[in-house]
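Remarks on the structure that follows.
The basis for the numbers below is simple: all heavy atoms, side chains too, and nothing from hydrogens, waters or symmetry mates. Bear in mind that the values here come from a model prediction, so they are computed numbers and not experimental data. Whatever order the structure lists ligands and atoms in, that order sets their numbers, starting from 1.
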Amino acid sequence: MKCLSCGYETPIDQHTILCPKCGGLLEIIIEPPKGFSLSKLKGRGVWRYKDLIPGYYKSIISINEGNTPLIKSANINKQLYFKFEGLNPTGSFKDRGMTVAVSSAVSLNYKTVIAASTGNTAASAAAYAARAGIKSFIVLPKGKVALGKLAQSVLYGAIILEVDGSFDVAMEAVMRLYRDLKIVYPLNSFNPWRLEGQKTIAFEIMEDIGVPENVIVPVGNAGNIYAIWKGFNELLKIGIIDKVPRMIGVQAEGASPIANAIIKGKNEPDFIENPDTVATAIRIGRPVNWQKAMKAIKESKGTAIIVSDSEILEAQKTLARKEGIGAEPASAAALAGYLKAINNGIIDKDEKTVLILTGHSLKDPESMAKADTKRILVNPLHIEKIIVGEINGFNS
Ligand code: F0G
């Protein structure tokens with residue numbers, strides 16, 4: 001494991017989460033396993049790739065996460081694919097990381113886990129902790145979590161701690177608790193073991209279509225874009241692929257510290273005190289993993305794109321109405337970013353591109369209901385009149 005801040009190196013050890021020397025972020029660097037071959041892989045989902053996931057696991061806490069469909073676009077662009085992570089057990093990509101992190105927690109004999117969250121990490125942490133029979137605390141920004149996600153955490157029985165402030169305040173509280181006390185196991189993505197599960201998104205894409213030109217990822221706390229890049233990079237080191245896709249991060253206008261830094265050619269982001277966007281999942285001003293995300297974007301010769309809230313909601317509708325895919329606003333940001341990148345000449349429409357649709361639309365019923373459609377109070381005896389009128393365009 002190598003520290004991104006001070007360069008300290010330490011052997012891979014599941015007990016280690018932050019740099020023992022300076023408290024910085026650690027990268028887990030694995031040696032390509034000898035004799036690794038795709039044809040020997042067994043099973044489906046995250047643990048199909050267990051030979052590439054380091055660590056010792058006393059028991060595996062799994063709810064059959066991963067193995068999500070890579071759906072080819074039917075009506076937007078034939079070279080476009082959607083990796084629909086909304087079809088994970090709790091409806092987001094977080095489950096891939098949670099199976100590894102909660103299995104680690106159990107193997108290390110932790111009885112309690114904690115996570116700060118904009119909602120999806122919380123739902124996933126609560127579910128996997130429940131499955132493991134351990135207690136979960138989740139720290140949420142009060143009033144800023146989409147209803148479906150909050151309701152999931154309630155259902156799975158997490159203890160919910162709400163802070164008056166943004167996700168960044170909640171995150172800082174969890175980090176301080178972990179640094180000072182170490183009594184609870186942290187399930188946020190500063191824990192590099194979680195990203196070991198999330199990197200399997202890359203493995204699945206590669207098994208489905210090989211290496212695309214571009215992978216577009218909505219960026220919040222900034223772990224996932226790095227995890228996916230890491231997955232491709234490991235395949236490159238093993239010699240299974242001969243190039244890594246360009247990693248393109250998308251952030252919302254009101255919460256875009258990393259995209260701003262990339263676009264302006266800066267080496268460090270300027271953090272944002274009061275982030276704001278309809279895409280509450282990525283409403284983050286101080287992304288913990290900014291160093292990792294910027295590394296993934298730069299080393300893959302990728303870039304970042306900023307989209308507005310109205311572009312996000314429009315993209316959410318387009319995805320639903322042109323492709324039949326329901327994704328939450330943060331995920332739709334990937335499509336908004338793709339359309340912008342094509343318009344700006346950053347991506348050519350003939351380039352094979354994968355959008356990571358990180359979470360299901362059902363997570364956020366309020367955002368779905370904002371889309372315009374006709375709702376007509378009908379007399380059931382006269383319903384045919386309305387239908388005929390609609391078909392013939394008389395009612396508009
Ligand atoms: N999309 C969705 C639906 C998310 O929930 C998140 C992050 C992201 C994208 C961004 O991923 O943080 O790895 O850059 N949600 C976290 C949470 C912050 O608490 O659920 P990232």
In terms of its nearest heavy atom to atom 9 (C) of ligand 1, the top option of Val145, Thr358, Ile225, Ile138 is Thr358
Out of Gln198, Lys292, Glu85, Lys94, the nearest non-hydrogen contact to atom 7 (C) of ligand 1 is supplied by Lys94
Quick note on ligand 1: atoms under 4.0 Å from a heavy atom of Gly223 include exactly 13 (O), 14 (O), 21 (P)
Problem set entry | Backbone or side-chain N or O of Ile282 under 3.5 Å from ligand 1 N or O | no
For Thr118, the atoms of ligand 1 under 4.0 Å from one of its heavy atoms are 15 (N), 16 (C), 17 (C), 18 (C), 19 (O), 20 (O)
Ligand 1 to Val219, heavy atom cutoff 4.0 Å, flagged ligand atoms 14 (O)
Only residue of Trp47, Phe36, Tyr49 satisfying ring-ring contact (aromatic ring centres under 6.0 Å, His included) with Phe203 is Tyr49
Looking at Pro141, Ala115, Ala146, Gly220, the heavy atom closest to atom 10 (C) of ligand 1 belongs to Gly220
Geometry only, no angles: is Ala330 polar-contacting ligand 1 at N/O separations under 3.5 Å?
no
Ligand 1 to Thr121, heavy atom cutoff 4.0 Å, flagged ligand atoms 16 (C), 17 (C), 19 (O), 20 (O)
Polar contact flag for Asn120 and ligand 1 (N/O pairs, less than 3.5 Å): yes
For Pro218, the atoms of ligand 1 under 4.0 Å from one of its heavy atoms are 9 (C), 10 (C)
